[in-house]
**Student:** 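After the structure tokens below, expect a handful of questions from me.
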Amino acid sequence: MKIAVVGTGYVGLVTGTCFAETGNHVTCIDIDEKKVQKLRNKQITIYEPGLEALFERNIRQGRLEFTTNLKEGIKGAQIIFLALPTPPGEDGSADLQYVLKVAEDLGPMLENFTVIVDKSTVPVGTAEKVTAKVKQGAKVDFEVVSNPEFLREGVAVEDFMKPDRVVIGAESEKSIKLMEKLYAPFVRQGNPIIFMDVRSAELTKYAANSFLATKITFMNEIANLCELMGADVDKVRKGIGTDSRIGNRFLFAGIGYGGSCFPKDVQALARSSTEVGYDFNILNAVMGVNQTQKQKLIDPLKSFFSGDLKGKTIAVWGLAFKPYTDDIREAPALENIRELLALGAKVKAYDPEAMENVRGIFGDDIHFADDQYDALKDADALMIMTEWPIFRTPEFEKIESSLKNKVIFDGRNLYDLSQMEELGFTYHSIGRRVVK
């Protein structure tokens with residue numbers, strides 16, 4: 001099948017590459033000439049485990065191509081995916097300008113019946129807006145379909161190739177059959193393709209991400225309560241996570257969620273609710289709690305240094321919002337670094353993948369270390385912001401010999417409390433007792 005994907009960001013590149021892997025001919029389209037040239041030269045522009053091998057293979061075998069020319073890229077395509085940015089506007093609503101501009105441009109270019117798929121995360125009613133824009137110039141039949149993505153950064157290839165479910169909002173039998181044919185190779189193990197009306201499909205993505213963000217935030221609230229009541233959030237997590245009605249995922253306490261999806265989608269759903277006269281109280285609370293939780297460790301850090309961080313050097317392990325990605329959007333580490341600098345501290349940071357992205361924000365205001373132990377040299381304390389595997393079993397002797405103080409502020413609860421006691425560290429984590 002001939003497919004076009006408009007947008008080569010995270011979702012677009014994964015989508016295009018994975019569809020090519022199942023034998024389709026895919027053309028990815030982007031207005032960024034430098035990015036397209038890199039992609040043509042087999043230089044992958046995002047970090048995602050497992051993607052590079054598929055990317056290179058499908059370019060080599062001629063199934064994956066890239067262009068800046070929209071008309072050329074969609075020629076002959078039976079299905080066109082819109083994988084464009086929908087950033088939050090000033091009022092929190094999703095900004096649809098990129099999606100609607102491409103929709104308007106597509107209309108006069110269509111030569112045959114085409115299914116146009118909203119792959120971007122978009123508010124309820126977007127398909128109708130896209131339909132209206134395409135219709136302005138279209139001379140052939142088309143249908144706008146909603147097919148939200150459920151990709152987790154770090155395991156996106158696996159999520160795409162073996163999805164829990166595929167959600168498709170479509171109206172006509174013609175579009176349903178075409179989408180069913182496209183996704184058939186991905187659901188051979190029996191996971192469902194769920195067809196529904198377009199508005200329900202659009203809402204499904206926001207509902208899923210908002211629920212997961214709420215689950216994370218609830219556990220962070222429980223963690224805060226544990227600290228006051230002398231309980232251990234890890235034990236509580238195990239106690240409730242084995243209940244099949246609750247499940248054991250997204251129950252780990254920490255310094256809040258970040259990334260490209262949860263913050264934006266929770267905000268957008270809350271805003272959409274306001275527009276129809278509904279006050280989504282839970283989501284408003286989730287956003288407030290998460291914002292506070294991100295700097296949960298700043299007060300204990302200040303307290304350790306008697307309220308004064310001026311001139312102190314703080315080592316930071318982890319900059320990405322989660323492991324196995326270089327994505328720093330809404331990452332808790334960024335807010336902590338900004339606060340540390342505002343309080344007069346110096347920062348030495350290390351992350352396996354995200355340092356170049358962070359350098360683009362802070363420049364020379366912080367020091368970027370060569371490795372995790374280099375970040376500790378002459379530092380007064382260590383803060384852990386991201387649960388990269390390499391941070392889970394460190395050489396504690398190196399930590400002790402490098403730090404001026406044997407103190408760790410762990411925003412991801414990586415270490416066992418009894419182990420910290422045996423090693424003689426002062427150890428602050430989330431929702432557990434302080435080891436001194």
Side-chain angles (χ1 to χ4, degrees), residues 10-11 15 81-89 91-96 99 117-130 144-153 155-156 159-160 163-171 179 183 187 191-221 241 243-251 256-291 321-322 329-330:
Y10 181 83
V11 173
T15 297
F81 284 85
L82 305 184
L84 295 150
T86 54
D91 62 355
S93 61
D95 186 347
L96 298 177
V99 172
V117 183
D118 282 335
K119 195 67 175 170
S120 308
T121 301
V122 293
V124 175
T126 298
E128 295 161 20
K129 295 178 181 178
V130 171
V144 177
V145 164
S146 175
N147 173 217
E149 53 85 13
F150 299 98
L151 304 178
R152 296 169 295 161
E153 294 191 42
V155 288
D159 284 347
F160 201 103
D164 290 334
R165 80 292 198 199
V166 177
V167 173
I168 297 172
E171 306 297 337
M179 295 298 289
Y183 273 107
V187 293
N191 292 342
I193 301 178
I194 304 171
F195 288 99
M196 59 183 72
D197 64 277
V198 174
R199 281 180 164 250
S200 294
E202 290 171 334
L203 184 54
T204 295
K205 174 60 186 290
Y206 281 116
N209 278 354
S210 295
F211 182 83
L212 295 175
T214 301
K215 197 173 181 183
I216 293 168
T217 304
F218 177 81
M219 279 310 295
N220 285 336
E221 289 273 69
D243 186 327
S244 61
R245 297 169 300 175
I246 296 172
N248 58 15
R249 297 175 68 184
F250 293 90
L251 290 181
Y257 61 77
S260 61
C261 292
F262 285 4
K264 175 174 68 71
D265 292 355
V266 171
Q267 191 177 36
L269 184 54
R271 177 63 187 176
S272 294
S273 303
T274 302
E275 290 172 356
V276 294
Y278 185 75
D279 189 0
F280 212 138
N281 292 315
I282 289 177
L283 293 191
N284 291 326
V286 165
M287 289 185 286
V289 170
N290 191 63
Q291 191 58 37
F321 86 93
K322 63 181 284 189
R329 285 174 286 186
E330 302 285 342

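Keep in mind the model is a prediction, meaning the values are calculated, not measured. Starting from 1, each residue takes its place in the sequence as its number.
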**Student:** Look only at the side chain of N147 and the backbone of V167, and say whether a donor-acceptor pair between them is shorter than 3.5 Å.
**Tutor:**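 Answer holds: yes.
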**Student:** Write down the atom of M179, the atom of F81, and the distance for their closest heavy-atom approach.
**Tutor:**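 Closest pair (atom of M179, atom of F81, distance): CE-CZ, 4.4 Å.
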**Student:** Could you tell me which non-hydrogen atom of Y257 sits nearest to which non-hydrogen atom of V266, and how far apart they are?
**Tutor:**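 Minimum heavy-atom separation between Y257 and V266: OH-CG2, 4.1 Å.
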**Student:** How close do D118 and A127 get, counting heavy atoms only, and between which atoms?
**Tutor:**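 For D118 and A127, the tightest heavy-atom pair comes out as OD2-CA, 3.7 Å.
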**Student:** Are P87 and R329 packed together at the side-chain level, in the sense that at least one heavy-atom pair is separated by less than 4.5 angstrom?
**Tutor:**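 No, every pair of side-chain atoms sits at 4.5 Å or beyond.
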**Student:** Please work out which of the three classes, parallel, tilted or perpendicular, describes the rings of F250 and F262, given edges at 30° and 60°.
**Tutor:**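 Aromatic pair F262/F250 classed tilted.
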**Student:** Going through the distances and angles, do T86 and L96 end up as a side-chain contact (heavy atoms from CB on, under 4.5 Å)?
**Tutor:** CA-CA 6 Å; T86 54; L96 298 177; 4.2 Å; yes
**Student:** To the closest 0.5 Å, what do you measure between CD (E153) and SG (C261)?
**Tutor:**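 The distance works out to 6.5 Å.
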**Student:** Between T204 and M196, which heavy-atom pair has the shortest distance, and what is it?
**Tutor:**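 Between these two residues, the closest heavy atoms are OG1-SD, 3.7 Å.
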**Student:** So V198 and V144, side-chain contact (heavy atoms from CB on, under 4.5 Å) or not? Walk me through it.
**Tutor:** CA-CA 9 Å; V198 174; V144 177; over 6 Å; no
**Student:** Is the side chain of S146 donor-acceptor paired with the backbone N or O of G169 at a distance under 3.5 Å, no angle test?
**Tutor:**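 Here the side-chain-to-backbone pair does not exist.
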**Student:** Name each donor-acceptor pair under 3.5 Å that joins a side chain in residues 268-281 to protein atoms two or more places apart or in another chain, with its distance.
**Tutor:**
unit_1: R271; atom_1: NE; unit_2: D91; atom_2: OD2; d: 3.4
unit_1: R271; atom_1: NH2; unit_2: D91; atom_2: OD2; d: 3.4
unit_1: S272; atom_1: OG; unit_2: A268; atom_2: O; d: 3.0
unit_1: S273; atom_1: OG; unit_2: L269; atom_2: O; d: 2.7
unit_1: T274; atom_1: OG1; unit_2: A270; atom_2: O; d: 3.1
unit_1: D279; atom_1: OD1; unit_2: N284; atom_2: ND2; d: 3.0

**Student:** Given 3.5 Å as the limit, does a donor-acceptor pair link the side chain of K264 with the main chain of A94, or not?
**Tutor:**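 Checking the backbone N and O of A94 against the side chain of K264, no donor-acceptor pair under 3.5 Å is found.
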**Student:** Would you compute the distance between atom CG of L151 and atom OG of S260 and round it to the nearest 0.5 angstrom?
**Tutor:**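 Nearest 0.5 Å value for the CG-OG distance: 9.5 Å.
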**Student:** Kindly write out the residues that satisfy salt bridge (Lys or Arg N to Asp or Glu O under 4.0 Å) with R165, not counting sequence neighbours, or none if the list is empty.
**Tutor:**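 Residues passing salt bridge (Lys or Arg N to Asp or Glu O under 4.0 Å) with R165: none at all.
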**Student:** Evaluate the side-chain proximity of K119 to T15: yes if any heavy-atom separation is below 4.5 Å, no if none is.
**Tutor:**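 Sidechains of K119 and T15: in contact.
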**Student:** Tell me the closest heavy-atom pair linking D159 and R152, and the distance in Å.
**Tutor:**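 Heavy-atom minimum between the residues: OD1-NH2, 2.7 Å.
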**Student:** Under the ring pair (Phe, Tyr, Trp, His ring centres under 6.0 Å) test, which residues partner F150, sequence neighbours left out?
**Tutor:**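 In terms of ring pair (Phe, Tyr, Trp, His ring centres under 6.0 Å), with neighbours along the sequence ignored, F150 is linked to no residue.
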**Student:** If we only count heavy atoms from C-beta on, is the V130 to V99 side-chain gap below 4.5 Å?
**Tutor:**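 Heavy-atom side-chain distance check passes, below 4.5 Å.
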**Student:** Would one find more than 12 heavy atoms of other residues, nucleotides or ligands at under 6.0 Å from atom NZ of K322?
**Tutor:**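 Yes, NZ of K322 has more than 12 neighbouring heavy atoms, counting only those of other groups under 6.0 Å.
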**Student:** Do the side chains of V289 and F218 get nearer than 4.5 Å, heavy atoms only?
**Tutor:**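 They are not in contact (no side-chain heavy atoms under 4.5 Å apart), so the answer is no.
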**Student:** Return a table of donor-acceptor pairs under 3.5 angstrom between the side chains of residues 206-215 and protein atoms on other chains or two or more places apart.
**Tutor:**
unit_1: N209; atom_1: ND2; unit_2: D265; atom_2: OD2; d: 2.7
unit_1: S210; atom_1: OG; unit_2: Y206; atom_2: O; d: 2.8
unit_1: T214; atom_1: OG1; unit_2: S210; atom_2: O; d: 2.7
unit_1: K215; atom_1: NZ; unit_2: I246; atom_2: O; d: 2.9
unit_1: K215; atom_1: NZ; unit_2: R249; atom_2: O; d: 2.9

**Student:** Who pairs with E202 by side chain to side chain donor-acceptor pair (under 3.5 Å), at least two apart in sequence or on another chain?
**Tutor:**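 Side chain to side chain donor-acceptor pair (under 3.5 Å) check on E202 returns nothing, list empty.
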**Student:** Quick one: closest heavy-atom pair of P163 and N191, and the distance?
**Tutor:**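 Result for this residue pair: O-ND2, 2.7 Å.
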**Student:** When rounded to the nearest 0.5 angstrom, what is the spacing between CG in D95 and CG in L84?
**Tutor:**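 Between atom CG of D95 and atom CG of L84 there are 11.5 Å.
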**Student:** With sequence neighbours excluded, what pairs up with E128 under the salt bridge (Lys or Arg N to Asp or Glu O under 4.0 Å) test?
**Tutor:**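 Testing E128 for salt bridge (Lys or Arg N to Asp or Glu O under 4.0 Å), a comparison that skips the adjacent residues, returns R199.
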**Student:** Within a reach of under 6.0 Å around CD1 of I282, are more than 12 heavy atoms found that belong to other residues, nucleotides or ligands?
**Tutor:**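 Not more than 12 within 6.0 Å, no.
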